[in-house]
Amino acid sequence: MIQHSEKTNITFRKVDFETDAVMLHKWHHEPHVIPYWKQNFPFSLYAKHLKSLLADEHQTLWIGAVNGNEMSYFETYWAMEDPIGRYYEAAPFDQGVHLLVGDPSYLGKGLAAPMLVTIMQQMFSDSRTARLVAEPDIRNEKMIHIFKKCGFSAERKLDLPDKQALFMVCTREEFERRMNGDL
């Protein structure tokens, strides 16, 4: 667990279908999430989709919490085994990340960056990983800003099947430099 401040504890746990499906379905229906995730399906379809994500061994789904209050959803994945791996020269241990703040009461509170840094630390704890990648929707300026703040650099625009994205990369060296305060 990494502390954002003395009053903010950021934790993650793996998604459990029985515990989380209803909450995640609700979050994917939030107006700030729909344009970028496009998973505002009826529950029966969402449940099937979530089960397929949980069964996919190249990725791990996470619930993020602040001071014990669950408020965000993250997907971490091995980029080479993901569709994104077809769009760049993926190395075997590159990892990628997707995230959303689900509970709208947490929007604008300055928590997205510290939560992203926390999951990035976990991803880089695998010593084989030299790069993290992300591909936020090109229209999602807030998320692009958060990724840049956390050490990602914009590489290029990508036309993906479901969106126009900005392909972003964070190297281990850049992340460690920022973590050491060498901004």
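These numbers were taken from a predicted model, which means no experiment stands behind them.
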Apply the test side-chain contact (heavy atoms from CB on, under 4.5 Å) to residues Ile34 and His28: give CA-CA distance (whole Å), side-chain angles for both, the deciding distance (0.1 Å), then the verdict.
-> CA-CA 6 Å; Ile34 292 171; His28 280 94; over 6 Å; no
Is the NZ or CZ atom of Lys51 positioned over Phe17's six-membered ring, under 6.0 angstrom from the centre and within 45° of the axis?
->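 Pair Lys51/Phe17 counts as cation-pi.
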Distance under 6.0 Å and angle within 45° of ring axis: Arg172 vs Phe124 | no
ILVMFWY network linking [X] to [Y], side-chain heavy atoms under 4.5 angstrom:
| X | Y | answer |
| --- | --- | --- |
| Leu132 | Phe12 | yes |
| Tyr87 | Val169 | yes |
| Val33 | Leu99 | no |
| Leu54 | Leu45 | yes |
| Val133 | Leu160 | yes |

Testing the basics here: between [X] and [Y], what is the closest heavy-atom pair and its distance to 0.1 Å?
| X | Y | value |
| --- | --- | --- |
| Lys148 | Ala154 | CE-CB, 4.3 Å |
| Lys149 | Ala113 | CD-CB, 4.1 Å |
| Gly68 | Ala65 | C-CB, 4.0 Å |
| Cys170 | Cys150 | SG-O, 4.1 Å |
| Ala79 | Ile84 | O-CG2, 3.9 Å |

Using 0.5 Å steps for rounding, measure from the [atom1] atom of [X] to the [atom2] atom of [Y].
| X | Y | atom1 | atom2 | value |
| --- | --- | --- | --- | --- |
| Phe147 | Lys142 | CZ | NZ | 15.0 Å |
| Leu50 | Leu61 | CG | CG | 6.5 Å |
| Asp103 | Trp27 | CG | CH2 | 7.0 Å |
| Met120 | Met123 | CE | CE | 8.0 Å |
| Ile10 | Ile119 | CD1 | CD1 | 10.5 Å |
| Glu30 | Trp37 | CD | CH2 | 14.0 Å |

Salt-bridge present (Arg13, Asp20; N to O < 4.0 Å) |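 Yes, charged N to carboxylate O under 4.0 Å.
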Is the shortest side-chain N to carboxylate O distance from Glu173 to Arg177 below 4.0 Å?
->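 Salt bridge: no.
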Salt bridge (charged side-chain N to carboxylate O under 4.0 Å, His left out) between Glu174 and Arg178: does it pass, once the steps are laid out?
-> CA-CA 6 Å; Glu174 178 62 18; Arg178 286 170 180 264; 2.6 Å; yes
Glu75 and His98: side-chain hydrogen bond (donor to acceptor under 3.5 Å, both in side chains), yes or no, with the steps?
-> CA-CA 5 Å; Glu75 296 172 352; His98 301 132; 2.9 Å; yes
Heavy atoms of other groups near Lys38 NZ, more than 12 under 6.0 Å = yes
Counting heavy atoms not belonging to Glu141, are there more than 12 under 6.0 Å from its CD?
->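 For Glu141, atom CD is not crowded (no more than 12 foreign heavy atoms under 6.0 Å).
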So do the side chains of [X] and [Y] get within less than 4.5 Å of each other, counting heavy atoms only?
| X | Y | value |
| --- | --- | --- |
| Val22 | Phe43 | yes |
| Tyr77 | Gln95 | no |
| Asp126 | Trp78 | yes |
| Met168 | Ile144 | yes |
| Leu100 | Phe74 | no |
| Val66 | Met115 | yes |
| His29 | His25 | yes |
| Phe152 | Val97 | yes |

Measure the acute angle between the ring planes of Tyr46 and Phe41, then classify it against the limits of 30° and 60° as parallel, tilted or perpendicular.
->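 Rings of Tyr46 and Phe41: tilted, as their planes differ by 30° to 60°.
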Donor-acceptor pair, distance only, cut-off 3.5 Å: does the side chain of [X] make one with the backbone of [Y]?
| X | Y | value |
| --- | --- | --- |
| Arg139 | Pro35 | yes |
| Ser52 | His49 | yes |
| Asp137 | Tyr36 | no |
| Lys163 | Glu135 | yes |
| Asn140 | Met143 | yes |
| Ser72 | Gly102 | no |

His58 and Asp82: side-chain contact (heavy atoms from CB on, under 4.5 Å), yes or no, with the steps?
-> CA-CA 7 Å; His58 95 280; Asp82 191 80; 2.7 Å; yes
Please lay out, stage by stage, how Lys14 and Trp62 fare under the test side-chain contact (heavy atoms from CB on, under 4.5 Å).
-> CA-CA 4 Å; Lys14 290 183 180 178; Trp62 304 93; 3.7 Å; yes
Distance-only donor-acceptor check, side chains Asp94 and Tyr88, under 3.5 Å =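 Indeed, the side chains of Asp94 and Tyr88 share at least one donor-acceptor pair under 3.5 Å.
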